[in-house]
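Report on the following structure.
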Amino acid sequence: MHLLSASCVCALLTITTTALLRQVAGLETVSGLYGETLEIPCHNGATKEEDIVITKWKYDKGEGISGDLLVKQPSKNAVIMATDEYKDRVSMTANSSLLLSAAKLTDQRTFTCMVVAPENIMEYPINVMIYKSPEGLEISDQAEALEIGKLTKLGTCVAKDASPAANITWLKNNKPLMADGEGISIQTSVLLDPVTGLSTTASTLEYSAKKEDTDAQFTCSTQPTVGSELVSSPVTLTITYSTENIVLQVIAQDPLEEGDNVTLKCVADGNPAPTSFNFHLQGEMVKVEDSNTYTIRNVSRETSGEYKCSLTDDPSMEASKDITVNYLDINLSPSGNIVERVGEALPLTLKIDSSGESKVFWTKDNIMLDKEPKFTALTYSDSGSYECEVTMGLLSRKASFDLNVEGAPVIKQLSKQRSEDAQHKVLICEAEGSPKPAVSWSINGTLLDESPFINGKITHKIKVVPSANLTVSCTVSNEFGIDTRAINVSSLNGEVRMDKQDQLDDSDQTKLVVGVVVGLLIATLVIGLGYWVYTKKSKQGSWKTGEKENGSSEEEKKLEEKVEENSQKAEV
């Protein structure tokens with residue numbers, strides 16, 4: 001059968017090659033991964049399987065020479081024809097595809113599938129490309145530190161065993177670096193393995209650091225032809241530079257006041273940082289080794305002033321800071337417990353010694369006062385607890401005194417009133433004095449109420465039921481003196497009778513007013529009627545002498561005036 005196929009193939013070779021050339025012109029490319037099995041398709045369905053008589057795979061050895069791999073007839077197993085490196089690496093699938101195991105870079109060539117049909121011979125050439133990603137990226141030969149302004153080798157990024165050769169990119173904080181011939185220099189080399197044909201790429205970065213590169217992360221990356229991007233582990237290098245600036249810091253409580261501690265801290269921007277400093281303390285210099293701090297303990301107001309620090313190896317590099325120790329002293333006179341006589345003057349003096357502007361607040365018995373108290377003539381109401389608070393920023397000082405105004409008692413008012421039930425009289429004695437005065441009455445009565453003794457004032461109330469008119473006195477006394485006042489109290493029964501006689505209710509008053517008005521109206525009518533009668537009679541006796549007529553006129557005039565006067569009274 002194999003011989004028959006061979007003779008058939010020979011016969012078919014005489015057929016025109018026009019169709020064959022058309023297939024070669026459409027050369028396809030198949031990509032595979034290094035070391036893995038690669039499947040190379042044959043005709044991709046261009047020829048029906050039932051029409052195929054023979055399928056044969058071959059490859060291009062170069063210089064126009066081809067090598068046979070395997071051949072297969074329908075319903076038969078493929079026959080391997082290769083005798084070289086492909087002998088144990090090739091096989092064929094059911095759809096005539098070629099399987100090439102353990103792909104190598106040397107497999108990058110043209111493989112051809114030849115299909116023999118009853119009336120035609122067709123070839124399907126496939127170009128094979130083999131890719132391999134680098135085994136990894138690693139930065140080697142790292143520098144220990146980078147010096148500002150100096151081009152220094154940072155490290156070498158290596159991408160091993162790749163195909164094609166890896167293209168390496170350097171990054172700082174994930175941003176690509178481009179060689180500029182000044183601060184950035186990148187040198188790349190590629191080494192080809194003669195056995196495997198794989199490439200190893202090495203990229204060396206030289207970098208001139210800046211101060212802001214402190215803590216910067218450097219990486220390298222590559223994007224393989226097949227697969228995802230590869231990125232190396234980040235590298236962080238120490239950036240070294242000389243000190244350019246120095247700052248003196250003051251570490252203390254706020255506000256800083258006498259008795260506190262102050263720490264001076266000298267901060268330099270060099271890297272590595274200086275470890276020795278000179279501290280200038282009000283004309284005195286103290287050198288500190290292996291530390292950048294110096295502590296001043298138990299400061300006073302005399303500690304205030306300018307302080308400096310400098311580098312021991314470069315005294316011209318220095319920094320300064322002003323320190324102010326806040327203080328607030330107050331002296332209040334009087335203070336403590338003060339006892340004074342009523343009516344006297346009490347001088348009040350508050351002295352303030354402070355490092356800044358202060359504010360004063362006064363309270364009496366924990367109630368805020370709107371101004372400083374003045375005691376030109378003491379009264380009992382001036383008694384109480386006084387406190388002044390002086391503030392300066394966050395500082396605060398307080399001073400206080402308790403004032404007790406004493407004096408002989410005085411009755412300010414003695415009054416009486418009828419109780420609501422009209423069954424007894426209430427006598428009220430209001431007095432001032434300190435200590436608290438004792439209150440007594442000249443008659444016996446029932447204690448109704450005694451007010452609390454506040455600000456030297458007390459009110460004493462008793463109720464009595466007087467059976468006759470009498471004079472009652474109230475007496476107040478303490479260790480400084482005595483005062484008495486009297487008041488007349490009438491009999492409760494007599495007052496009741498007087499009230500009934502003298503007082504009229506509203507209805508009686510209304511009746512009285514109405515009666516007066518009606519009487520005046522009646523009087524007016526009577527006088528008017530009389531005047532009318534008189535006038536009528538006068539007209540009838542007009543024959544009388546002129547002297548009589550004149551007399552009548554005068555009487556008429558008087559009568560008219562009387563009527564007018566009564567009319568006005570009636571209107572009122």
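Put simply, the side chain of W57 gets close to the backbone of S96: a donor and an acceptor are under 3.5 Å apart. Side chain of T201 to backbone of A166: a donor-acceptor contact under 3.5 angstrom is found. A donor-acceptor pair is defined here as one N or O able to donate and one able to accept, closer than 3.5 Å; such a pair exists between the side chain of T152 and the backbone of K150.
S221 places a side-chain heavy atom less than 4.5 Å from the side chain of L171. Residues N95 and C42 are not in side-chain contact: their nearest non-hydrogen atoms beyond the backbone lie 4.5 Å or more apart. Residues L100 and Y86 are in side-chain contact: their nearest non-hydrogen atoms beyond the backbone lie under 4.5 Å apart. For the pair H280 and S310, the minimum side-chain heavy-atom distance is below 4.5 Å. Residues M392 and I352 fail the side-chain proximity criterion, which asks for heavy atoms closer than 4.5 Å. Looking only at side-chain heavy atoms (C-beta outward), T240 and P272 come within less than 4.5 Å of each other. Residues D322 and E306 form a side-chain contact, since some pair of their non-hydrogen atoms from C-beta on lies under 4.5 Å apart. You'll find the side chain of Y307 reaches within 4.5 Å of the side chain of I296, heavy atoms only.
T37 and S101 share no side-chain donor-acceptor pair at under 3.5 Å. Between the side chains of Y207 and D213, at least one donor N or O sits under 3.5 Å from an acceptor N or O.
The environment of CD in E357 is sparse: at most 12 heavy-atom neighbours from other residues, nucleotides or ligands sit within 6.0 Å.
To the nearest 0.5 Å, atom CD of residue E387 and atom OG of residue S400 are 5.5 Å apart. Here NZ of K132 is found 10.5 Å from OG of S199. Values are rounded to the nearest 0.5 Å.
Ring pair Y386/F375 is perpendicular by interplanar angle, where above 60° counts as perpendicular and below 30° as parallel.
For the pair T214 and K211, the tightest heavy-atom approach, listed with the atom from each and the gap, is OG1-O, 3.0 Å. Heavy-atom minimum distance, L177 versus I186: O-CD1, 3.8 Å. Counting all heavy atoms, side chain and backbone alike, Q282 lies closest to S304 at NE2-O, 3.1 Å. Between G227 and Q223, the shortest heavy-atom contact is O-NE2, 3.1 Å. What you find for K160 and T200 is that their closest heavy atoms are CA-OG1, 3.7 Å.
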Expected list for residues 247-260: side-chain donor-acceptor pairs under 3.5 angstrom, two or more places apart:
unit_1	atom_1	unit_2	atom_2	d
E257	OE1	R397	NH2	3.3
E258	OE1	R301	NH2	3.1
E258	OE2	R301	N	2.9
E258	OE2	R301	NE	2.9
D260	OD2	E257	N	3.1

Given E389 and S396, is the side-chain hydrogen bond (donor to acceptor under 3.5 Å, both in side chains) satisfied, shown in steps?
-> CA-CA 7 Å; E389 181 181 11; S396 175; 2.8 Å; yes
Intermediate values then yes/no, side-chain hydrogen bond (donor to acceptor under 3.5 Å, both in side chains), Y241 and D269 = CA-CA 8 Å; Y241 49 89; D269 64 353; over 6 Å; no
Evaluate the criterion side-chain hydrogen bond (donor to acceptor under 3.5 Å, both in side chains) for residue pair S385 and D402; output intermediate values, then yes/no.
-> CA-CA 4 Å; S385 296; D402 294 326; 2.7 Å; yes
List the steps and the verdict of salt bridge (charged side-chain N to carboxylate O under 4.0 Å, His left out) for K61 and E63.
-> CA-CA 7 Å; K61 287 186 174 183; E63 298 180 357; over 6 Å; no
Kindly indicate, with the supporting measurements, whether the criterion side-chain hydrogen bond (donor to acceptor under 3.5 Å, both in side chains) is fulfilled by S300 and E302.
-> CA-CA 5 Å; S300 65; E302 288 77 20; 3.0 Å; yes
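Shown here are the salt bridge (charged side-chain N to carboxylate O under 4.0 Å, His left out) partners of D141, two or more places apart in sequence or in another chain: K153.
Among pairs with a residue in residues 255-288, those fulfilling disulfide bond (SG atoms under 2.5 Å apart) read C266-C309, at least two apart in sequence or across chains.
The pair E289-K287 meets the salt-bridge criterion, with a side-chain N (NZ, NE, NH1 or NH2) lying under 4.0 Å from an Asp/Glu carboxylate O.
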